Amino acid sequence: MIMERLNQTSRVSEFILLGLSSQPEDQKPLFILFFIIYLVTITGNMLTILAIHSDPHLHTPMYFFLSVLSFTDIWYTTTIVPKMLIDFLSEKKTISYAGCLTQMYFIYVLANIDSCLLVVMAYDRYVAICDPFHYVTIMSRCRCVLLVAFSCSLPHLHSLLHILLLNQLTFCNSNVVHHFLCDINPLLKLSCSSIFVNDLTIKTEGLVVVVTPFLCIVFSYVRIFISVLRVPSAAGKRKAFSTCGSHLTVVILFYGSIFYVYLQPLSRYTVQDRVATIVYTVLSSMLNPFIYSLRNKDMKRGLGKLLGRRIS
C-alpha cells in the first residue's frame with residue numbers, strides 16, 4: 001500500500017545526496033576520516049557493551065542503560081555512515097525514494113531512542129542521589145526493562161507520523177538534496193506541493209518530542225545539584241558530580257546540535273546545518289564510550305579487566 005502511494009505521489013524515483021563536499025579532491029580524505037570514525041564508533045561501543053556484560057560490578061541500572069545506549073548508537077551510526085562511505089567513492093550519489101524515506105525513518109527512531117535513554121539515565125542519577133535509600137526499590141529490574149521498552153517503542157510513532165506526512169508530498173522539481181543523508185528539512189525544500197501540515201507538525205509535535213526530554217533532564221539535574229549542594233563533605237560532592245558529569249556532557253553535545261538544526265525556521269536552513277548534523281548523528285555516537293569511560297572509574301576497571309582477559 002505504501003509503495004503504491006510512493007509511485008502515485010512522487011514524480012522522482014530517486015534523490016541525489018550532495019554530501020559534505022562537491023569537490024572531487026575532498027572525497028577520498030572524507031572517506032578515510034569517516035571510515036576511521038565508523039570503526040572507532042563500532043569498536044568503542046562494542047567494548048562498552050562487553051565490559052558491562054562481563055563485569056558483575058557493572059550489573060546496575062546505570063550501566064544497563066549505558067549498554068542499551070551503546071547498542072543503539074551502533075545501529076544509529078550504521079544507518080548513516082556506510083551510505084556516506086559509498087557516496088564518497090561513487091560518482092552517482094543517489095538513493096531511491098523508498099530508500100530515502102526508510103533511512104529517515106530509522107534515523108528518527110534511533111535518535112529519539114537515544115533521547116529517551118538520556119532521560120532515563122538522568123532519572124536514574126536523580127533517584128540515586130536524591131533518594132538513595134529507595135534506589136533499589138524504585139529502580140528494580142522490572143522497572144528498568146519497562147523504561148527501556150518504552151524508550152524503544154514510543155519513537156516509532158513519532159517517526160512514522162513524519163514519514164507518512166512526507167509521503168503525501170509531491171516532488172516534481174529538483175531531486176538534489178543538499179545533505180549527506182535524508183532529512184526532513186532539505187526534503188521539504190524540494191517539495192512542489194504545500195508543506196503547511198508538515199511544517200505545523202514539526203513546530204508542534206516535533207517540538208514537544210525534542211524539547212520535553214531535554215526539559216525532563218534539566219529538571220532532574222536541577223534537583224540533583226540542589227541535593228549535592230547540601231552534602232557536607234567535599235569528597236561526597238566530587239563523587240556525586242563525577243557520576244553526573246559524563247552524562248551531562250553527552251546531553252549538552254547531543255541536544256545542543258539538535259536544537260541548532262531543528263529549532264529554526266525552514267527558510268534559514270543552510271549548508272552549515274550539515275556540520276551540526278554530524279555532531280548528533282556521528283560524533284556523539286563515537287564520543288559516548290570515551291566520555292563515559294574516561295570519567296568513570298568503574299568503567300575503566302571493567303574495560304581493563306575485559307582487555308586483560310582478551311590479551312591473556
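Predicted model, so just to flag it, every value in this text is computed and none were measured.
At distances below 3.5 Å, at least one donor-acceptor pair connects side-chain atoms of H59 with backbone N or O atoms of I52. With hydrogens and angles disregarded, a donor-acceptor distance shorter than 3.5 Å links the side chain of Q103 to the backbone of C182. S257 places no side-chain N or O within donor-acceptor distance of the main-chain N or O of V279, the cut-off being under 3.5 Å. A donor-acceptor contact shorter than 3.5 Å is absent between the side chain of T212 and the backbone of V209. Proximity of a side-chain donor or acceptor of T201 to a complementary backbone N or O of V197 within less than 3.5 Å is detected.
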Test D199 against K203 for side chain to side chain contact (heavy atoms under 4.5 Å, CB included), laying out the working first. CA-CA 6 Å; D199 195 38; K203 291 176 180 177; 3.1 Å; yes
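Looking at every heavy atom in both residues, S285 comes nearest to N45 through O-ND2, 3.0 Å. Taking all atoms of both residues into account, the shortest heavy-atom contact from L190 to N175 is CD1-C, 4.2 Å. When all heavy atoms are compared, the tightest approach of T281 to T77 is O-OG1, 4.3 Å. Across I49 and S67, no two heavy atoms sit closer than the pair CG1-O, 3.7 Å.
The number of heavy-atom neighbours closer than 6.0 Å to CD of E91, taken from other residues, nucleotides and ligands shown, is 12 or below. A 6.0 Å sphere centred on CZ of F106 holds no more than 12 heavy atoms belonging to other residues, nucleotides or ligands. Sparse packing is recorded around CZ of F35, with 12 or fewer heavy atoms of other residues, nucleotides or ligands lying under 6.0 Å away.
Using bins of under 30°, 30° to 60° and over 60° for the plane-to-plane angle, the ring pair Y108/H158 lands in the tilted bin. Taking the six-membered ring for Trp and thresholds of 30 and 60 degrees, W75 and F71 have ring planes more than 60 degrees apart, a perpendicular arrangement.
Checked by atom type, the side-chain pair Y135/D124 shows a donor-acceptor distance below 3.5 Å. Between H156 and Y105, the side chains place a donor N or O and an acceptor N or O closer than 3.5 Å (distance only, hydrogens not considered). A donor atom on one side chain and an acceptor atom on the other are found under 3.5 Å apart for Y262 and D183.
There is a path of hydrophobic side-chain contacts, each under 4.5 Å, that joins I217 to V228. No continuous path of hydrophobic side-chain contacts links L89 to L18 [ILVMFWY only; heavy atoms under 4.5 Å].
Between F259 and F214, the distance from one ring center to the other falls under 6.0 angstrom.
To the nearest 0.5 Å, atoms SG (C100) and CD1 (I95) are separated by 5.0 Å.
Side-chain contact check for S21 versus Q27: some heavy-atom pair is nearer than 4.5 Å.
Of the options I278, D87, T277, D26, a side chain to side chain contact (heavy atoms under 4.5 Å, CB included) to L20 is made by I278 and by none of the others.
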